[in-house]
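Notes follow the structure.
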Amino acid sequence: MATQFTDHEHDIVQPPAADFDMQKVLDALAGLEPKPIETLTPAQARLQPSPADAVRVVLRERGIAHAVEAGVTIQETTYPGADGPQKARIYQPSGISGSKPIVLYFRGGGWVIASLDIYEATPVSLAKRLNAVVISVDYRMGPEHKFPAAHDDAIRAYRWVLDHAMSWGGDLNRVAVAGESAGGNLAASVSIAARDQRLLMPMHQLLVYPVASTNTNSPSYHDCAHAKPLNAAMMGWFVKNATNGNSDLSDPRLNLIAANLHGLPPTTIVSAEIDPLRSDSELLTAALTAAGVPVEHRLYRGATHEFFGMAAVVGKAREAQEFSVQRLTAAFANP
């Protein structure tokens, strides 16, 4: 039975302390004066400063101009979603000949906010460091398009990638899925759908602080109830706007730890200490292990939700990306 999302307004526990460079980003974000997401309409929330904006502030303070990392080309396109075209971006390493691995990447945003722009750092880094074709896709969001709209688009995106991978110089023997936060949930759901629909199975899945459970009574929902940039009240707001009600929370596409996880590909899970979703990663690691799926989970202490794409300014983000690249490189080396 799924647990109803509840607010944690009366919790007074302080979250763990952030590393110095992580705190610099949090301070920069506070300086942009974002309003609490949970107090806004979705339209208002989509206009708020993001952690990616805070990273740009820190870079400017260091005298570093923000620019797309050299060595990666970007192609804007669309894919046929479940209810019409959706935006997609294809990131290609420059000057690399021969067939390349393929990574389908799903951005975060709680199925309600954010964009391909906000989550650009991760696909750019993966494309360059893996010498892979990385496809970042948009999907329908709530409350305009509630669950399972994003999940329906996600599996359509995967089918589209399989159909077009070779035209991008991709190798169908080396296909992985990846995602952050809500996107991590979508990536795992795509693997499950690929198994059930008898599609080519991804050879690996990289899940970065994924939404994996609908249990809000976990340790991390308690000790990170008031964390930044993601807190428990925001998660409740996301779920309220993305779903049709509590009945959706028992769906295994949202409550992954209750899903049939047998036969899924080897998995890498990255989590942050200062994150209401930290326990989700622990629970999913245990559920995958119980289902016989090879999984390696690494927790980064002193880091917050959203840290993974901050490698330009946060040391733990560089470590997490290096770990993830090593895991994916090893997977691609043994197709």
Side-chain angles (χ1 to χ4, degrees), residues 7-9 11-69 107-125 136 141 180-183 208-209 211 220-221 223-238 241 270-278 300-321:
D7 68 50
H8 292 68
E9 180 180 351
D11 290 359
I12 57 173
V13 176
Q14 293 299 310
D19 288 351
F20 179 81
D21 52 3
M22 186 79 249
Q23 188 61 50
K24 283 286 189 183
V25 177
L26 297 179
D27 291 344
L29 181 59
L32 295 173
E33 300 183 345
K35 296 177 182 177
I37 293 292
E38 63 273 19
T39 68
L40 304 176
T41 67
Q44 293 169 330
R46 291 166 187 160
L47 299 175
Q48 292 301 297
S50 72
D53 295 319
V55 169
R56 284 190 280 272
V57 170
V58 174
L59 287 171
R60 285 197 299 271
E61 290 173 349
R62 297 179 181 179
I64 302 172
H66 175 73
V68 174
E69 194 168 351
R107 62 168 180 80
W111 305 289
V112 180
I113 63 173
S115 65
L116 299 182
D117 288 337
I118 288 173
Y119 281 89
E120 180 137 87
T122 294
V124 167
S125 179
S136 179
M141 298 189 294
E180 295 182 56
S181 195
V208 180
Y209 28 76
V211 180
S220 61
Y221 264 98
D223 65 45
C224 295
H226 300 291
K228 300 290 184 181
L230 180 68
N231 59 47
M234 286 172 63
M235 278 303 302
W237 182 90
F238 285 133
N241 282 288
V270 169
S271 64
E273 179 185 23
I274 311 166
D275 185 354
L277 297 179
R278 184 188 71 238
Y300 290 86
R301 298 194 180 279
T304 74
H305 194 81
E306 301 287 10
F307 85 102
F308 189 79
M310 300 179 182
V313 296
V314 174
K316 291 290 173 63
R318 292 190 289 276
E319 292 179 22
Q321 287 193 13

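Every value quoted in this text rests on a predicted model; they were computed, and no experiment measured them. Atoms considered below: every heavy atom in the structure, side chains included; atoms not considered: hydrogens, waters and symmetry mates.
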Legend entry - Side-chain donor-acceptor pair present, Gln23, Asp19, cut-off under 3.5 Å: no
So which atom in [X] and which in [Y] form the shortest heavy-atom distance, rounded to 0.1 Å?
X      : Y      : answer
Lys316 : Ala303 : CB-CB, 4.3 Å
Ala121 : Gly309 : CB-O, 3.2 Å
Asn231 : Met234 : OD1-N, 2.8 Å
Pro16  : Cys224 : CD-SG, 4.0 Å
Tyr221 : Ala232 : CD2-CB, 3.9 Å
Gly108 : Ala114 : O-CB, 3.6 Å

Pair up each side-chain donor or acceptor in residues 33-41 with any protein partner under 3.5 Å, not counting sequence neighbours, and list the distances.
residue: Thr39; atom: OG1; partner: Pro36; partner atom: O; Å: 2.7
residue: Thr41; atom: OG1; partner: Gln44; partner atom: N; Å: 3.1
residue: Thr41; atom: OG1; partner: Gln44; partner atom: OE1; Å: 3.4

To the closest 0.5 Å, what do you measure between [atom1] ([X]) and [atom2] ([Y])?
X      : Y      : atom1 : atom2 : value
Lys24  : Leu29  : NZ    : CG    : 14.5 Å
Ser50  : Leu32  : OG    : CG    : 8.5 Å
Thr304 : Leu26  : OG1   : CG    : 5.0 Å
Glu120 : Ser125 : CD    : OG    : 12.0 Å
Phe307 : Glu273 : CZ    : CD    : 11.0 Å

Using side-chain heavy atoms (C-beta onward) and a distance below 4.5 Å, is [X] in contact with [Y]?
X      : Y      : value
Met310 : Pro51  : yes
Arg301 : Ile274 : no
Ser220 : Leu277 : no
Val25  : Val314 : yes
Val313 : Arg62  : yes
Phe238 : Ile113 : yes

Legend entry - Asn241 (side chain) donor-acceptor with Val112 (main chain) under 3.5 angstrom: no
Legend entry - Side-chain donor/acceptor of Arg318 to backbone N/O of Ala311, under 3.5 Å: yes
Inset, instruction - Test Glu180 against Tyr209 for side-chain hydrogen bond (donor to acceptor under 3.5 Å, both in side chains), laying out the working first. - result: CA-CA 6 Å; Glu180 295 182 56; Tyr209 28 76; 3.0 Å; yes
Legend entry - Listed partners of Phe308 passing ring-ring contact (aromatic ring centres under 6.0 Å, His included), at least two apart: none
Legend entry - side chain to side chain donor-acceptor pair (under 3.5 Å): pairs with one or both residues in residues 305-314, sequence neighbours excluded: Tyr119-Glu306, Ser181-His305, Asp275-His305
